[in-house]
Amino acid sequence: MTTGRTIKMPAQTTKTDIAVLQVQVKNIEQDVSEIKASLKEVHDSINHNADETRKMLKSMRDEDTTAHKELASKISALEKWRWMLMGAGIVLGSLGFDMVARLLK
């Protein structure tokens, strides 16, 4: 139950409390500054890693594209040989077995 009276604290205690609070605020400000600096370092590190990852992925994509082109050209050459052999087989088959036997003698 309140009676409407206020408690008066001695002036010296109030000044001491204010001084302590000011020191605590300064310490908090310093801690916040350190946290900001740490966050900036983390941000810079993340950006650096992201850049390195992009470079690595681009390099891998370029190597992959080169390998695919080389493989496509080899497959294309094999397909040409296959069609040539099939054509030769058709020609030899149309000549008949007797004609092929005479040509080989």
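What's counted below: heavy atoms across the whole structure, side chains too, no hydrogens, waters or symmetry copies. None of the values given here were measured: they were computed from a predicted structure.
- With a 4.5 Å cut-off on side-chain heavy atoms, Arg54 and Asp51 count as touching.
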Please tabulate, one pair per line, all N/O donor-acceptor pairs under 3.5 Å involving side-chain atoms of residues 88-97, not counting sequence neighbours.
from: Ser94; atom 1: OG; to: Ile90; atom 2: O; distance (Å): 3.3
from: Ser94; atom 1: OG; to: Val91; atom 2: O; distance (Å): 2.8

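- Residues in residues 66-77 take part in these side-chain hydrogen bond (donor to acceptor under 3.5 Å, both in side chains) pairs, two or more places apart or across chains: Asp64-His68.
- Under the 4.5 angstrom side-chain criterion for Ile, Leu, Val, Met, Phe, Trp and Tyr, the cluster partners of Ile28 are Val32.
- Note: Ile18 CD1 to Thr13 OG1 = 11.0 Å, rounded to the nearest 0.5 Å.
- The distance from the NZ atom of Lys36 to the CG atom of Asp31 is 12.5 Å, given to the nearest 0.5 Å.
- Remark: Glu41 pairs with no residue by the side-chain contact (heavy atoms from CB on, under 4.5 Å) rule, at least two apart or across chains.
- For Ile75, the side-chain contact (heavy atoms from CB on, under 4.5 Å) partners at least two apart in sequence or on another chain are Leu71, Glu79.
- Partners of Lys26 under the side-chain contact (heavy atoms from CB on, under 4.5 Å) rule, at least two apart in sequence or in another chain, do not exist in this structure.
- Taking NZ of Lys80 as the reference point, atom CZ of Arg82 lies at 13.0 Å (rounded to 0.5 Å).
- Residue Glu34 holds its CD atom at 12.5 Å from CD of Glu29, rounded to the nearest 0.5 Å.
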